[in-house]
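Below: one structure, written as structure tokens.
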Amino acid sequence: MKNNILIIGGGPAGLEASAQLQRMGYNVILIERSPKLGGHLAKWDRLFPDRVPADEVLRSLLDATEGVKCFTDTDIRAINRLDKSYNVRLTNGITVLSDAVLVASGFDLFNAVRKEEYGYGIYNQVMTNADLEAYFRTGEDRRIENPRKVGFVHCVGSRDEKAGCRSCSKVCCATAVKQAIEMKQAFPEAEVFCFYMDLRLFGRHYEDLYLEAQKEYGVRFIRGRVAEVSENFDGTLLVKAEDTVASKPLKVTLDLLVLMAGMRPSASGKALGELLGMNVEDDGYFAVRSGIAAGQRSQQPGIFLAGAATGPKTLPETLADARAAAMEVDRYLTEVFPDARNYKQLVKERW
Amino acid sequence: MIYEGKQKIWSEYQKEIPDDHYFYVRSCIRQSFFPASEATFLDITRNVLEKDIFETEHHTTCGGIAYHSDTIPQETVMTIIARQFALMAKHGYENYVCSCITSFGLYCETMETWREFPELEAKIRENLWKSCKLEFAKPKFLVHASDLIYKYRNQIAAQAVRKLVNVHTGEPLKVVEHIGCHYSKMFPSKGVGGAEYPYVLVGMIEAWGGEIVDYPERRHCCGFGFRQYFIKGNRGYSLSNTHKKFESMEPFKPDLIITNCPGCPYFLDRWQYVIAESTGKTYGQDGHGIPALTYEEVAGLVMGYDPWDLGLQTHQVGVEPLLDKMGVEYDPAKKFLGKNGKDLGSPVPCSCLK
Amino acid sequence: MVDFGFGLVPSSRINLDLFDKGKYEELAALEPDVRICMACGSCTAVCTAGKFEPTSLREAIEDIKNARADKALQMLEPCQLCGKCSMVCPRGINTRHLILSINKIYSEK
Amino acid sequence: MTPLSYLLAAQAEVPEVIDRIPSGFSYFVIPFTVGVAFMFCWLGVGLIRLLADIPKEDRIKFGKSLFIPKVALKNIKELFCDCLFHVKIWQRKPLLGYMHSAIAFGWFMIIILGHIEVALFVPARLNVTRGGLFYPIFYRYFVWMNPGHTTLRGSFFFFLMDFFLLYILSGIALAIFKRFRSIVLGMRHTTKPSFADRVALYSLWMIFPLRLLAESFTADLSGGSFLTIPVNQFWHFLFGDKLWFMPCWWAYSICLGLFFAAMPFSRYMHILTEVLWILLRNAGVKPNHPRKGVAEAEIYACSSCGLCLDACPMNVQKKNLKYSSVYFIRFLRRHNEKKINAIADKCLMCDKCHALCPVGVDAPALRRAQRATVNNTMPYNYAYLDASGSVQPSEPGRVHSRFAAAENGLSPESAPADSTQPCHANPGVLYFAGCMTHLTPRIIKSVEKVFKAAGVEYAFADREGGICCGRPLMLAGRTDAAAKVIEANKQMIEASGCKTLVLSCPICYKIFKEEYHLEGINVVHYTQFINELIAAGRLDVKKTDEKIVYHDPCELGRGCGVYLEPRAALSQVGTLVKASKEYDESICCGGSLGSLTLDTHDRAKISQASLQALLSGNPETIVTACPLCLKTFSEAVSRGENLEQHVKVKDFAEAICP
């Protein structure tokens with residue numbers, strides 16, 4: 001018998017988990033609320049640290065999902081738990097009886113407008129990391145016209161309790177360094193500044209990226225969070241920060257400021273969580289059964305989690321998490337689920 | 001500058017401002033620097049707009065200046081404040097409007113502190129009873145006088161006789177707005193428009209036909225800074241602060257600065273003279289400087305008050321070029337005559353600042 | 001001019017708009033390692049001269065990047081070129097040559 | 001066939017050798033004469049200019065030195081050994097030595113013998129006005145052997161001339177061979193010749209074959225020996241009775257002329273300038289500018305032989321060969337300021353090129369002088385050095401702590417280990433660790449352990465850290481700044497009242513020994529000091545079968561000539577194995593402070609090469625006696641794959657007293 005598995009979210013985690021579970025022989029139904037699969041990956045140009053095209057990665061993810069039943073533009077209308085399975089009514093009218101549900105609802109980018117002092121949406125020359133990726137993809141952005149001085153602000157909506165996000169978003173440092181390099185490649189004459197609090201370049205090759213940015217591209221790293229941005233008479237930006245290494249306040253006039261918007265728990269994921277009755281932690285991400293030993297199991301039997309739904313993750317981490325989640329689903333569906341008589345006992349012991 | 005972006009933020013910082021029935025408290029230093037401003041406020045609200053604004057001569061200072069100069073214990077300040085609030089309740093009001101930004105900030109801070117530390121509130125309640133035999137009360141709504149004028153800005157505009165427009169060119173006047181630091185920087189939600197892009201004065205300027213100028217150092221303190229000014233050894237910092245603001249706004253060529261804090265119009269006005277006198281640098285057209293007015297003065301101007309009744313002669317920077325631009329008629333001979341028509345004596349003409 | 005007994009106070013703020021890119025590129029051409037400092041401070045911690053006078057290559061590099069080459073030169077004056085900093089630098093910066101190069105580029109009048 | 005058809009009948013009355021051409025001149029000598037005259041003029045002007053550039057006291061010193069018998073003897077010895085026999089090359093690369101000495105000594109002998117012949121047979125022709133400049137060179141052309149008087153005397157010279165010609169020709173043959181296959185002669189790298197070099201080189205190659213040709217053509221007229229006679233007969237066999245020999249003599253003269261004319265612009269200038277350099281060197285005159293004065297003699301003494309290419313530790317990377325001394329000197333000659341500075345700054349100052357230079361050119365010293373021209377004038381502020389001593393310190397405690405031991409006089413840091421043991425008092429030992437040693441605390445720990453075990457009473461000059469010895473400043477060409485530092489240290493040491501100064505850093509040791517002039521204080525490196533302790537029986541060491549290889553630190557070995565003491569001591573604690581390059585051929589560890597611009601990557605390559613040489617005898621432990629080498633090797637070993645498990649890196653004192 002082929003179990004039905006519902007996967008919610010068509011980003012990298014959802015796609016990877018679908019592909020794995022499909023390979024294992026399950027009947028996978030993937031739903032995605034937006035019209036397009038791929039999540040944030042579909043909007044990105046190149047990926048750190050090696051600057052591989054995002055499209056290539058997405059294509060290989062999509063290619064592996066051959067045969068998965070996939071509904072885009074589809075959300076969940078209602079869900080109710082039966083004995084062991086879940087009865088899920090989708091917004092496209094279809095009802096799915098699913099033996100396991102994998103939530104891969106991903107993340108939202110922090111809404112940079114909320115950091116009012118940076119003036120995103122108010123000053124003409126302020127943009128976000130996502131805007132810059134869009135520019136790299138299309139070559140079009142009214143803000144970018146041969147900039148001579150460009151600043152990158154790390155930790156926008158990360159490590160900022162007042163903005164409601166205490167944690168580190170993990171990917172922004174590497175993204176900023178990558179984008180700084182790409183900016184220098186596009187505009188070799190430009191001066192590029194990165195304003196950081198700590199450089200969290202923890203992954204393999206990330207430090208190389210940092211060194212490359214310094215050595216080959218002369219990117220200036222300034223330790224200190226940008227505190228204030230204003231618009232000058234000529235439309236350039238006056239940016240103020242402290243150079244905490246020099247213990248001195250600093251100002252610089254920039255032509256372009258790029259805000260590294262961090263990861264926030266997905267808003268639609270949160271709504272979904274409420275439908276499913278799943279717990280979230282203080283940081284807004286879904287709680288897991290055990291952060292170390294069972295990071296892909298939610299606190300509800302039969303509901304699994306993968307990717308950034310359980311906190312900021314890099315893309316490789318997300319994919320690995322999705323594979324791990326697939327393994328967990330498989331283990332549940334082979335060892336726990338089929339035993340109708342002892343199901344409750346088994347859930348107690350093994351969930 | 002993307003105007004829609006600002007509108008979005010303004011829409012997020014709207015505070016509730018009751019329409020009527022206020023207990024009004026004056027500002028210590030405004031009473032002496034710009035006494036006509038408070039009179040104008042009362043005149044507009046009571047007589048023109050027919051609002052119920054009550055004031056009593058029994059209110060005192062809020063203690064703010066002493067508080068920010070570290071010369072008064074917090075409990076004392078809080079008890080003084082509790083007494084003001086008690087006076088309000090005693091007279092049957094629950095809406096409290098103050099003329100001073102320092103007071104407004106301190107009231108907000110005190111109310112927040114009481115909310116966070118109820119035991120402190122209990123202590124103050126006791127102090128108040130012991131010292132004044134007054135019943136402790138808190139205002140239901142706490143607003144600043146500029147909030148009220150903001151609230152009434154469209155009514156004022158409807159009754160205005162002129163706009164913030166250069167009558168010779170038909171162009172709107174370029175206006176710099178300067179918010180007192182303690183208006184919303186401590187509690188952004190307590191100010192109209194928040195702290196980054198405060199709307200309280202912008203709303204007035206827009207309603208009265210002026211054009212707002214957004215210059216880079218707009219967030220900066222006017223330079224008062226309490227101890228920066230009070231202690232002579234620090235006064236250079238106060239001056240430098242103001243200097244920085246003028247350097248920053250200079251390229252925008254503003255016609256006018258509008259403020260909502262007791263200290264700001266004073267320092268933005270007087271330091272222009274000191275800068276001119278010590279460095280030779282003047283801002284504004286033809287060495288005239290940029291007039292820094294209170295929001296009541298600006299409201300009075302658009303409503304057709306006589307400039308000398310508004311107390312504009314108490315400004316260091318001459319307001320005549322502005323009055324000319326706005327097409328305000330005035331009698332130069334009456335500039336330094338008192339309310340009773342007696343000569344107040346005129347200041348020695350200043351050569352560095354016209 | 002009137003003396004009020006107080007006056008404008010010079011700003012201690014770093015103004016990156018004053019940064020001399022041309023000179024910095026000259027320095028980087030002479031000793032590219034100036035680019036790769038990550039401000040760990042090892043050099044300052046071991047500095048022989050630093051025991052007597054404030055001496056810090058880390059700070060000097062920072063000063064140069066912050067348009068304060070005058071401070072950088074002053075910061076390096078007590079240096080004895082002993083090379084301890086080159087031994088401890090985790091990035092392998094050619095510290096002694098960098099010090100000489102900073103002097104060469106920025107002492108020129 | 002009558003090969004000698006135009007032989008004159010024996011004429012007893014006629015002299016043995018007849019001046020064949022009464023005028024003593026032929027047009028073919030012109031190229032040679034012009035060439036050689038040009039060369040002498042050039043040389044003369046150069047010499048005058050050079051002597052004018054030297055400070056007056058140096059000039060006097062130089063003049064006097066020529067008459068001091070001891071120096072004169074040394075001069076003669078070195079001129080013969082270095083200029084003619086090339087003993088230094090012989091010692092290292094015998095085949096190459098043979099090549100050089102064949103050409104130099106052979107040519108020298110031919111010229112000498114030519115003059116002797118003229119002096120013996122046609123003495124009048126030695127006079128310059130009568131062709132003295134060219135006559136002895138073309139002697140065989142101008143004379144006619146009286147066949148009736150063929151005596152032993154003549155044959156003796158004929159034989160010698162042929163012998164030396166053959167000797168030279170064998171050298172030339174090797175030289176030509178070397179140009180194409182240098183490795184056979186023991187050279188992995190050779191220099192790239194310049195245009196003038198090529199002109200001189202090819203004419204040099206041609207000179208002696210052409211001489212053979214010319215002399216063999218006239219051998220039946222003017223005599224010959226085992227080489228020229230048979231060749232002469234061969235020509236007669238080929239061309240018949242009449243030999244048309246003028247073209248050969250013309251060609252010979254042209255080649256000589258070309259060679260001498262090209263000489264001032266080529267590497268072959270060294271043949272003559274080397275003489276001057278040796279004289280100046282032995283007079284004790286030192287260069288104080290990289291190009292002017294004495295240095296000029298020195299840079300023109302360089303033969304561009306390229307032995308320094310093989311010596312240079314940077315040769316592990318081909319791209320860095322261009323920084324070798326030979327090119328440094330070449331660019332000095334060409335006044336190419338940009339390249340001179342780049343090359344001067346790159347060098348590790350390991351001194352190996354100097355140690356191995358057949359001419360004894362001290363290129364590192366020239367580089368230092370070059371660096372000084374750029375760096376010496378840079379600003380410095382060592383006011384704090386003055387503040388530490390007599391002047392009241394602004395912050396008490398901070399500045400004073402610097403030389404706590406020294407300022408309080410000698411307060412012994414360790415009592416004799418065993419009070420029952422007779423204390424061989426070694427009073428007044430001051431230990432100066434130096435900056436770098438403070439980064440390798442294991443050295444300090446081991447040295448103190450040794451001192452304790454041997455019951456040495458000592459004071460620690462810079463336990464809390466001192467100031468730099470000044471050598472790194474010196475190496476960077478900041479001579480004036482170095483003098484300040486030296487002065488401060490000197491005061492501290494003299495104030496301490498010590499009798500023996502022990503240094504664990506060879507960098508310090510070199511400058512303390514050479515520049516400090518500490519009267520009455522015995523300056524020793526700890527390898528020497530510890531070796532003495534062992535020899536005197538004061539330090540018990542245990543012999544193990546640990547296979548140890550010793551690395552000669554540049555500043556200690558080549559820099560100060562300390563090779564044997566560390567080895568003597570180490571052989572007491574383990575079995576010394578050989579490194580493929582050791583003593584003065586030891587390869588710099590790569591960590592040298594000498595280089596100003598070499599980057600970490602290139603340094604790592606050198607460390608690797610140095611390690612490889614050390615590991616050739618499969619040692620278990622590498623021992624070195626320099627904190628820089630220790631740190632560099634430790635890091636290199638930990639970088640190398642699995643190397644760390646196989647070989648340990650130890651400091652000398654650590655190895656002695658584990």
Side-chain angles (χ1 to χ4, degrees), chain A residues 148-151 173 177 180-181 184 187-201 206-224 226-228 230 232 234 236-255 257, chain C residues 9-45 54-76 89-94 97-98 101 105:
Chain A
R148 286 168 302 109
K149 283 156 102 184
V150 183
C173 279
V177 179
I181 289 175
K184 278 292 280 185
F187 305 101
E189 290 305 309
E191 278 178 70
V192 176
F193 305 88
C194 281
F195 294 91
Y196 68 97
M197 295 205 291
D198 290 301
L199 276 178
R200 299 193 162 180
L201 295 163
Y206 296 7
E207 190 70 20
D208 302 345
L209 197 68
Y210 172 40
L211 183 61
E212 185 186 351
Q214 284 187 304
K215 200 173 175 175
E216 312 300 332
Y217 296 98
V219 174
R220 167 88 202 274
F221 288 86
I222 297 169
R223 188 177 182 280
V226 167
E228 182 177 303
S230 332
N232 284 317
D234 61 359
T236 56
L237 300 166
L238 178 71
V239 173
K240 290 185 186 172
E242 187 197 355
D243 182 342
T244 60
V245 174
S247 291
K248 283 257 159 25
L250 168 153
K251 68 171 180 184
V252 60
T253 305
L254 299 177
D255 297 328
L257 192 68
Chain C
V9 181
S11 172
S12 65
R13 189 184 289 281
I14 295 161
N15 185 352
L16 285 186
D17 295 342
L18 303 177
F19 175 67
D20 186 342
K21 196 180 171 205
K23 270 212 154 161
Y24 180 75
E25 289 305 326
E26 261 181 67
L27 174 65
L30 208 56
E31 184 45 75
D33 285 356
V34 67
R35 295 189 196 278
I36 61 173
C37 171
M38 48 183 185
C40 72
S42 302
C43 51
T44 314
T55 315
S56 166
L57 178 57
R58 194 270 303 152
E59 209 172 315
I61 294 172
E62 192 82 5
D63 284 337
I64 284 173
K65 292 179 179 171
N66 286 338
R68 290 301 307 271
D70 52 333
K71 274 182 75 193
L73 287 176
Q74 204 187 340
M75 183 56 72
L76 296 176
C89 177
R91 274 274 168 91
I93 291 176
N94 205 344
H97 188 241
L98 180 54
S101 305
I105 298 292

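In what follows, chains carry the letters A, B, and so on, assigned in the order in which the sequence lines appear, proteins first and then strands, with residues in each chain numbered from 1.
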Proximal component of L199(A), with respect to chain C [non-hydrogen, under 4.5 Å]: neither

K215(A) NZ to R35(C) CZ distance, which is reported to the nearest 0.5 Å: 11.0 Å

NZ-CG distance between K248(A) and N15(C), expressed to the nearest 0.5 angstrom: 14.0 Å

Test side-chain contact (heavy atoms from CB on, under 4.5 Å) applied to Y210(A) and M38(C), step by step: CA-CA 10 Å; Y210(A) 172 40; M38(C) 48 183 185; 3.3 Å; yes

Evaluation steps, side-chain contact (heavy atoms from CB on, under 4.5 Å), between K65(C) and D243(A): CA-CA 11 Å; K65(C) 292 179 179 171; D243(A) 182 342; over 6 Å; no

Chain A contact via R68(C) - side chain, backbone, both or neither, heavy atoms under 4.5 Å: neither

Inter-residue atom distance R220(A).CZ - Y24(C).OH, 0.5 Å rounding: 8.0 Å

Contact leader toward chain A among L18(C), N66(C), V34(C), L16(C), where contacts are heavy-atom pairs under 4.5 Å: L16(C)

Qualifying residue for side chain to side chain contact (heavy atoms under 4.5 Å, CB included) with D17(C), from T236(A), V252(A), L254(A): V252(A)

Rounded distance [0.5 Å steps], NZ in K240(A) versus CD1 in I14(C): 13.5 Å

Atom CD of Q74(C) with >12 non-hydrogen neighbours under 6.0 angstrom: no

Worked verdict on E189(A) versus K21(C) for side-chain contact (heavy atoms from CB on, under 4.5 Å): CA-CA 11 Å; E189(A) 290 305 309; K21(C) 196 180 171 205; 4.2 Å; yes

